[in-house]
Asker: 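Okay, handing you the structure first.
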Number of protein chains: 2
Amino acid sequence: MERIRHIASHVKGFFSGPSLGGRIFRYGGNQNIYTQGEPADTLFFIQEGGVRLTTRTKTQPSAVTAILGVNDFFGELCLAGYPLRMSTAITLTASSIRTIKKEKMLELIRNNSKAANSLVAHLLSSVKNYRDHVADLLTSTAEQRLARVLLRLAHLDEDGPASLEIPNPSHQVLAEMVGTTRPRINFFMNRFRKQGFVQYDGGLEVHQSLRKILRKPKNRL
Amino acid sequence: MERIRHIASHVKGFFSGPSLGGRIFRYGGNQNIYTQGEPADTLFFIQEGGVRLTTRTKTQPSAVTAILGVNDFFGELCLAGYPLRMSTAITLTASSIRTIKKEKMLELIRNNSKAANSLVAHLLSSVKNYRDHVADLLTSTAEQRLARVLLRLAHLDEDGPASLEIPNPSHQVLAEMVGTTRPRINFFMNRFRKQGFVQYDGGLEVHQSLRKILRKPKNRL
DNA sequence: GGCCGGTTGTTCAATACTGAACAGACAGAC
DNA sequence: GTCTGTCTGTTCAGTATTGAACAACCGGCC
């Protein structure tokens, strides 16, 4: 007799099933889904593609707080009663995204314990991701953070082992993901190219060898 | 007739009630609760005091990924099936902390929809906090991040309006919270003192005027 | 007393990063 | 075509930050 040992992957795919009845929207790359400050009463669920969440603050430049892929939620903060979007959601690539009305979701998690479990599982893994991201931001150099962002973007299309074409974000957007300036991004990208870690023929191609950067200690030219 | 509009504060205090039956432990300041890598099968809930979560990585210095206060959870990742602690939990001040067995918690959220709601509400607010933290790390200077950490620590004892005594963390720990080096912390603390933003007589006293630092643009000596 | 470990205070050269500026490429609008 | 906007590529002076080092202070301990 198996006891339930944890909330986990056996419910992870729950929201990709057809049981939700929400509508599905298709977007091109780099398209706005919602904007910070708009009224918020729906959640979104990524069926295909990728999304970035950007947060503006008063005095500071804007920052990309999350890079999301297939099976990730966003806009979920409206469940906690925030009436307005806390960030701006923009697609990274062509995406298909399911919308779920907040009320429908609340009803689901009240009446369907599988749905509740799935939501909790997602939120827990989301918390873990953010924690890792914070640890990364506190300890890594800008170069390493850029490497991580590129590898993350590459894995949104995950398959090939050696190298991957990725959605082509502008240096400005990369700067907001990494927390640095555009010239700095340009500088690092050139260096990555010279070292053969990325390639630039039409699209951008990220090699797995870029992982070397992550292991590099903080010094040296 | 009121419909339920969101999961929120009406269930936030749920876990501070006596209904859980978990044991309550008391700790002094700066005491280890659990260590990264240990087996994980309990959650913790802060009744009183404060806790920091620290993450070690292989090559990098360690980083403080969360500063938690009253009514916050930690150790919750075991619910998602991680068998080992992903970080080290250490008290900031004398604290009283309720432990809840993972199995008990799973049972609770299956059978008690109020408990499930409370957990989801907590996780959502946790996600929001992490998002804000990430945005902060991406856009602020080390000086501003230190100011934020000090203000956050001050609010753990929240009451007085003008200035607050706070638990006295070493410069080394502050460095791990801010993501910089100890000499840098020392430099900023001296500057804060000269500007009258903090005071140092026995304990550390943080004035609300420290908030000015948060509004300061990036330049100038 | 002396020793120890952990702390603060401080210096410094080497390195990382910012912000502003300017030029060229390219694509769509008119 | 030309204008406009957005992108890459690049330079640079000024500023911020690192990492290592050394001195001094303290509390506990033997």
Side-chain angles (χ1 to χ4, degrees), chain A residues 28-32 54 59-63 90 92 137-147 149-150 166-194 198-205 213 216-221, chain B residues 28-32 54 59-63 90 92 137-147 149-150 166-194 198-205 213 216-221:
Chain A
N30 226 43
Q31 243 179 309
N32 183 287
T54 302
T59 56
Q60 308 287 26
S62 54
I90 296 177
L92 292 163
L137 292 174
L138 286 173
T139 57
S140 302
T141 62
E143 185 181 27
Q144 291 175 316
R145 298 197 305 268
L146 175 57
V149 163
L150 291 176
I166 67 169
N168 209 328
S170 74
H171 286 186
Q172 180 56 53
V173 171
L174 287 176
E176 290 173 8
M177 292 172 169
V178 170
T180 185
T181 56
R182 196 182 57 75
R184 204 98 191 100
I185 295 289
N186 190 272
F187 173 74
F188 288 133
M189 289 302 275
N190 285 344
R191 203 152 76 176
F192 288 166
R193 227 176 339 178
K194 273 177 204 140
V198 306
Q199 231 164 325
Y200 236 157
D201 42 286
L204 178 59
E205 200 172 315
I213 294 292
K216 184 168 113 175
K218 279 205 174 181
N219 284 13
R220 219 178 4 171
L221 171 78
Chain B
N30 224 44
Q31 242 180 309
N32 183 286
T54 302
T59 56
Q60 308 286 25
S62 54
I90 296 177
L92 292 163
L137 292 174
L138 286 173
T139 57
S140 302
T141 63
E143 185 181 27
Q144 292 175 315
R145 297 197 306 269
L146 175 57
V149 164
L150 292 176
I166 67 169
N168 210 327
S170 75
H171 287 186
Q172 180 57 54
V173 171
L174 287 176
E176 289 173 8
M177 291 171 170
V178 170
T180 185
T181 56
R182 196 183 58 75
R184 204 98 192 98
I185 295 289
N186 190 273
F187 173 74
F188 289 133
M189 290 301 275
N190 285 343
R191 202 152 76 175
F192 288 166
R193 228 178 337 179
K194 273 177 204 140
V198 306
Q199 232 165 323
Y200 236 157
D201 42 285
L204 178 58
E205 199 173 316
I213 295 293
K216 184 168 113 174
K218 278 205 176 182
N219 284 13
R220 218 177 9 168
L221 171 78

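All chains are named by letter (A, B, ...) in the order of the sequence lines, taking the proteins before the strands, and each is independently numbered beginning at 1.
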Asker: Can you tell which of dG9(C), dT8(D), dT7(C) lies closest to the side chain of Ser170(A)?
Answerer: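 The closest nucleotide is dT8(D).
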
Asker: Please report the distance, rounded to the nearest Å, between CD in Gln172(B) and P in dA20(D).
Answerer: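 It works out to 13 Å between those atoms.
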
Asker: Rounded to whole angstroms, how far apart are CZ on Phe188(B) and P on dT10(C)?
Answerer: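 Computing the Phe188(B):CZ to dT10(C):P distance gives 15 Å.
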
Asker: For Glu176(B) and Val173(B), indicate whether the former's side chain and the latter's backbone hold a donor-acceptor pair under 3.5 Å.
Answerer: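 No, Glu176(B) side chain to Val173(B) backbone: no donor-acceptor pair under 3.5 Å.
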
Asker: Separation of Ile213(A) atom CD1 from dA16(C) atom P, in whole Å?
Answerer: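 Atom-to-atom, Ile213(A) to dA16(C), this comes out as 12 Å.
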
Asker: Does any N or O donor sit under 3.5 Å from an N or O acceptor when you compare the side chain of Arg182(B) with the base of dG19(D)?
Answerer: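 Flag unset: no donor-acceptor pair detected.
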
Asker: Has Gln144(A) got a side-chain atom pairing as donor or acceptor with Thr141(A)'s backbone, closer than 3.5 angstrom?
Answerer: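 Confirmed, Gln144(A) side chain pairs with Thr141(A) backbone.
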
Asker: When you measure from the side chain of Arg145(B) to the backbone N and O of Val178(B), does any donor-acceptor pair fall under 3.5 Å?
Answerer: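 Side chain of Arg145(B) to backbone of Val178(B), a donor-acceptor pair under 3.5 Å: yes, one is there.
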
Asker: Just the rounded figure in Å: distance from P of dA16(D) to CD of Gln144(B).
Answerer: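 It works out to 11 Å between those atoms.
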
Asker: Taking CD1 from Ile185(B) and P from dT11(C), how many angstroms apart are they, rounded to a whole number?
Answerer: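 Taking CD1 of Ile185(B) and P of dT11(C), I get 18 Å after rounding.
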
Asker: Could you check how far CZ of Arg193(B) sits from C1' of dT10(C), rounded to whole Å?
Answerer: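 Whole-Å distance recorded here is 13 Å.
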
Asker: Check whether any side-chain nitrogen or oxygen of Arg184(A) sits under 4.0 Å from OP1 or OP2 of dA20(C), and answer yes or no.
Answerer: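 Looking at the OP1 and OP2 atoms of dA20(C), neither is under 4.0 Å from any side-chain N or O of Arg184(A).
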
Asker: Assess the residue pair Asn30(B) and Leu92(B) against the criterion (side-chain contact (heavy atoms from CB on, under 4.5 Å)); give the C-alpha distance rounded to whole Å, side-chain angles, the decisive distance to 0.1 Å, and a yes or no.
Answerer: CA-CA 5 Å; Asn30(B) 224 44; Leu92(B) 292 163; over 6 Å; no

Asker: Could you check how far CG of Asn190(B) sits from C1' of dT11(C), rounded to whole Å?
Answerer: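 Going from CG in Asn190(B) over to C1' in dT11(C) covers 13 Å.
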
Asker: Hey, does the side chain of Arg191(A) come within less than 4.0 Å of dG9(D)'s phosphate (OP1/OP2), counting only N and O?
Answerer: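 False: Arg191(A) side-chain N/O out of range (4.0 Å or more) of dG9(D) OP1/OP2.
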
Asker: Under 4.0 Å from OP1 or OP2 of dT18(D): is there any side-chain N or O of Thr181(B) that close?
Answerer: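 Answer yes for this pair, as a side-chain N or O of Thr181(B) is under 4.0 Å from OP1 or OP2.
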
Asker: When all nucleic acid strands are considered with a 4.0 Å heavy-atom cut-off, which category describes Arg145(B): base, sugar-phosphate, or nothing?
Answerer: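 If one applies the 4.0 Å heavy-atom cut-off, Arg145(B) turns out to touch nothing in the nucleic acid.
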
Asker: Between dG9(C) and Asn186(B), is there an OP1 or OP2 to side-chain N/O distance shorter than 4.0 Å?
Answerer: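 Checking dG9(C) against Asn186(B), a side-chain N or O does come within under 4.0 Å of OP1 or OP2.
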
Asker: Got a salt bridge between Glu143(A) and Arg191(A), using NZ or NE/NH1/NH2 to carboxylate O under 4.0 Å?
Answerer: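 Arg191(A) and Glu143(A): salt-bridged.
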
Asker: By nearest nucleotide on DNA chain C, pick out whichever of Pro183(A) and Glu143(A) is the more 5' one.
Answerer: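 Looking at DNA chain C, the more 5' nearest nucleotide goes with Glu143(A).
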
Asker: Using whole Å, report how far CE of Met189(A) lies from P of dT10(D).
Answerer: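 Roughly 13 Å, once rounded to whole Å.
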
Asker: Think Thr180(B) has a side-chain N or O under 4.0 angstrom from the OP1 or OP2 of dT18(D)?
Answerer: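 Yes, Thr180(B) has a side-chain N/O under 4.0 Å of OP1/OP2 on dT18(D).
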
